[in-house]
Number of protein chains: 2
Amino acid sequence: MEQHHTLAHVLRQEQLRYTNQRQAVWDEIKSTDAHRDAEEIYMALRQDNISVSRATVYRTIEVLVKYKLINKIDIGDGRSRYEHANNTEHHDHLICTNCGKILEFVDESVEELQCDIAKKYGFKLDYHIHQLFGLCKKCK
Amino acid sequence: MEQHHTLAHVLRQEQLRYTNQRQAVWDEIKSTDAHRDAEEIYMALRQDNISVSRATVYRTIEVLVKYKLINKIDIGDGRSRYEHANNTEHHDHLICTNCGKILEFVDESVEELQCDIAKKYGFKLDYHIHQLFGLCKKCK
DNA sequence: CCTATTGTTGAGAATGAGTCTCATGGATAT
DNA sequence: ATATCCATGAGACTCATTCTCAACAATAGG
Ligand SMILES: [Zn+2]
Ligand SMILES: [Zn+2]
Ligand SMILES: [Zn+2]
Ligand SMILES: [Zn+2]
């Protein structure tokens with residue numbers, strides 16, 4: 001699967017312009033499974049001598065989140081983190097409150113229960129945040 | 001149960017000083033089941049002609065969260081909300097993305113599954129955030 | 001009580017992530 | 001090519017929250 005086409009096609013479909021900057025930001029986020037914030041992504045681009053402004057990084061992230069190419073993760077420390085959603089199934093996160101390590105987990109039972117809960121209260125579920133905080137194996 | 005003693009005792013136990021301002025903030029938060037942000041709590045105090053500075057509201061909230069007299073709720077809109085934890089059992093939240101309505105739910109099965117997940121990954125669980133976003137009965 | 005000690009408060013400055021503005025540039029269509 | 005109009009960059013701006021520091025007030029000891 002040529003990843004290059006994914007972004008271009010999404011943008012074209014949404015009547016947005018395909019630009020080098022948007023491709024660069026997307027490439028950068030795709031390049032790792034890390035959960036990085038906007039500043040880290042921006043600095044990584046600078047490191048590679050790719051010139052994209054901070055504003056454009058933020059604006060591109062907004063687009064990528066909107067069209068679900070990336071996921072936004074908020075661990076409650078005042079800045080949002082992002083991960084690519086390429087070939088990944090839905091998952092939630094375990095976060096170590098000591099070292100900051102982020103693990104991913106998948107639990108179908110919980111996902112189903114969430115649907116039941118929403119139904120019970122008459123909600124039409126859109127998305128959810130489910131994060132377990134504690135000490136990881138090393139830190140405890 | 002005299003609520004007045006609760007805060008005084010917690011503060012004394014933690015070698016913190018019992019002040020009128022801290023009591024006033026705690027009283028204000030206790031007075032409703034709403035999920036309010038710091039500014040709303042501050043304004044409510046002013047409305048009642050109680051003089052507590054914004055800084056003290058923030059600082060007191062920090063103490064109250066630390067000693068679990070109140071819970072912090074982050075619905076991802078850039079400001080934290082708070083609810084008192086007086087005679088309430090643990091619950092999580094359903095949030096309407098259209099009108100902002102916040103409902104509470106309790107689900108023992110999910111709580112147990114969370115323990116299992118943490119155990120599976122070697123985490124010592126401390127707390128969790130579980131929020132279901134979507135449209136409420138009225139908005140959908 | 002009086003005093004010393006030390007944590008707390010208030011006012012406003014500072015911080016910092018994220019957003020906005022606007023002139024310039026580049027993608028796309030004809 | 002040319003026109004159209006969205007995207008970009010630089011920096012100003014916003015807004016919740018935190019910090020600073022001088023004045024103050026809660027406890028402890030005498
Ligand atoms: Zn999930
Ligand atoms: Zn993840
Ligand atoms: Zn829960
Ligand atoms: Zn609640």
Side-chain angles (χ1 to χ4, degrees), chain A residues 4-5 7-29 35-46 49-67 69-70 72-82 100, chain B residues 4-5 7-29 35-46 49-67 69-70 72-82 100:
Chain A
H4 177 84
H5 286 155
L7 179 62
H9 284 165
V10 169
L11 293 174
R12 206 156 288 148
Q13 205 148 26
E14 302 297 331
Q15 319 253 47
L16 297 172
R17 287 181 185 166
Y18 174 72
T19 65
N20 293 333
Q21 288 91 333
R22 286 175 170 168
Q23 182 64 49
V25 172
W26 172 225
D27 284 344
E28 180 54 50
I29 297 178
H35 300 83
R36 291 182 295 178
D37 60 38
E39 185 66 17
E40 288 171 327
I41 293 163
Y42 170 68
M43 289 312 289
L45 285 162
R46 303 205 82 197
N49 262 58
I50 295 169
S51 171
V52 181
S53 72
R54 231 183 287 262
T56 295
V57 170
Y58 276 103
R59 286 186 286 230
T60 302
I61 283 173
E62 196 180 12
V63 171
L64 296 176
V65 168
K66 181 166 182 189
Y67 298 110
L69 294 176
I70 65 177
K72 181 178 189 168
I73 298 146
D74 183 351
I75 67 171
D77 66 346
R79 62 216 141 102
S80 297
R81 288 149 195 285
Y82 305 91
Chain B
H4 178 84
H5 286 152
L7 178 62
H9 285 165
V10 169
L11 293 174
R12 207 156 286 149
Q13 205 149 27
E14 301 297 332
Q15 319 253 48
L16 296 172
R17 286 179 188 171
Y18 175 70
T19 65
N20 292 333
Q21 288 91 333
R22 285 175 170 166
Q23 182 64 50
V25 172
W26 173 224
D27 284 344
E28 180 53 51
I29 297 178
H35 301 84
R36 292 180 295 177
D37 61 38
E39 185 66 17
E40 288 170 327
I41 294 163
Y42 170 67
M43 290 312 287
L45 285 162
R46 302 204 84 198
N49 260 59
I50 295 170
S51 171
V52 181
S53 73
R54 229 182 291 261
T56 295
V57 169
Y58 275 102
R59 286 186 288 230
T60 301
I61 283 173
E62 195 179 12
V63 171
L64 297 176
V65 168
K66 181 167 182 190
Y67 298 110
L69 294 177
I70 65 177
K72 182 178 187 167
I73 299 147
D74 184 351
I75 67 171
D77 65 347
R79 62 216 142 103
S80 297
R81 287 151 196 283
Y82 305 91

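So you know, we letter chains A, B, ... as the sequences are listed, proteins then strands, and number each from 1. Please read all numbers here as calculations on a predicted model, not as lab measurements.
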Asks: Check the distance between C/dT15's P and A/Arg79's CZ and give it to me in whole angstrom.
Replies: 17 Å
Asks: With respect to the side chain of B/Tyr58, which nucleotide from C/dT8, D/dT17, C/dG10 is positioned closest?
Replies: D/dT17
Asks: Please confirm whether the backbone N or O of A/Val52 pairs with a side-chain atom of A/Thr56, one donor and one acceptor, at under 3.5 Å?
Replies: no
Asks: Take the protein atom CD of B/Glu62 and the nucleotide atom C1' of D/dC19, then report the distance between them rounded to whole Å.
Replies: 12 Å
Asks: Output the single nucleotide from D/dG9, C/dG10, D/dA7 whose closest atom is nearest the side chain of B/Ala55.
Replies: C/dG10
Asks: Which listed nucleotide (D/dT17, C/dG10, D/dA26) is nearest to the side chain of B/Ser51?
Replies: C/dG10
Asks: If you compare every side-chain N and O of B/Thr56 against the phosphate oxygens of C/dT8 (OP1, OP2), does one of them come in below 4.0 Å?
Replies: no
Asks: What is the distance from CD of A/Gln15 to P of D/dA7, rounded to the nearest Å?
Replies: 11 Å
Asks: Would you mind telling me which of B/Asn20, B/Thr19, B/Asp27 makes a side-chain hydrogen bond (donor to acceptor under 3.5 Å, both in side chains) with B/Gln23?
Replies: B/Asp27
Asks: Reckon B/Arg54 touches a base, only the sugar-phosphate, or nothing at all at heavy-atom distances under 4.0 Å?
Replies: nothing
Asks: Spell out, as yes or no, whether a donor-acceptor pair under 3.5 Å connects the side chain of B/Arg22 to the backbone of B/Arg17.
Replies: yes
Asks: Of the candidate nucleotides D/dA26, D/dT8, D/dT17, which contains the atom at the shortest distance from the side chain of A/Arg22?
Replies: D/dT8
Asks: So does B/Ser80 get a side-chain nitrogen or oxygen closer than 4.0 Å to the phosphate oxygens (OP1/OP2) of D/dT17?
Replies: yes
Asks: In whole Å, I'd like the distance from the CZ atom of A/Arg12 to the C1' atom of C/dT28.
Replies: 10 Å
Asks: Between D/dA25 atom P and B/Tyr18 atom OH, what is the distance in whole Å?
Replies: 16 Å
Asks: Can you work out whether B/Asn20 or A/Asn20 has the more 5'-proximal nearest nucleotide on DNA chain D?
Replies: A/Asn20
Asks: Could you tell me how far apart B/Glu14 (CD) and D/dA26 (C1') are, to the nearest whole angstrom?
Replies: 17 Å
Asks: Atom CG of A/Asp77 to atom P of C/dT15: distance rounded to whole Å?
Replies: 19 Å
Asks: Could you tell me how far apart A/Met43 (CE) and C/dA17 (P) are, to the nearest whole angstrom?
Replies: 13 Å
Asks: Is a donor-acceptor pair below 3.5 Å formed from side chain A/Arg59 to base D/dG9, judging by atom type as modelled?
Replies: yes
Asks: Distance-only, no hydrogens or angles: does the B/Glu14 side chain make a donor-acceptor pair with backbone N or O of B/Leu11 under 3.5 Å?
Replies: no
Asks: Please classify the nucleic acid contact of A/Arg17 as base, sugar-phosphate, or nothing, using heavy-atom distances under 4.0 Å.
Replies: base
Asks: Would you call A/Glu39-A/Arg79 a salt bridge at under 4.0 Å N-O?
Replies: no
Asks: Below the 4.0 Å mark, does D/dG9 have OP1 or OP2 next to a side-chain nitrogen or oxygen of A/Gln21?
Replies: yes
Asks: Is the distance from OP1 or OP2 of C/dT9 to the nearest side-chain N or O of B/Thr19 less than 4.0 Å?
Replies: yes
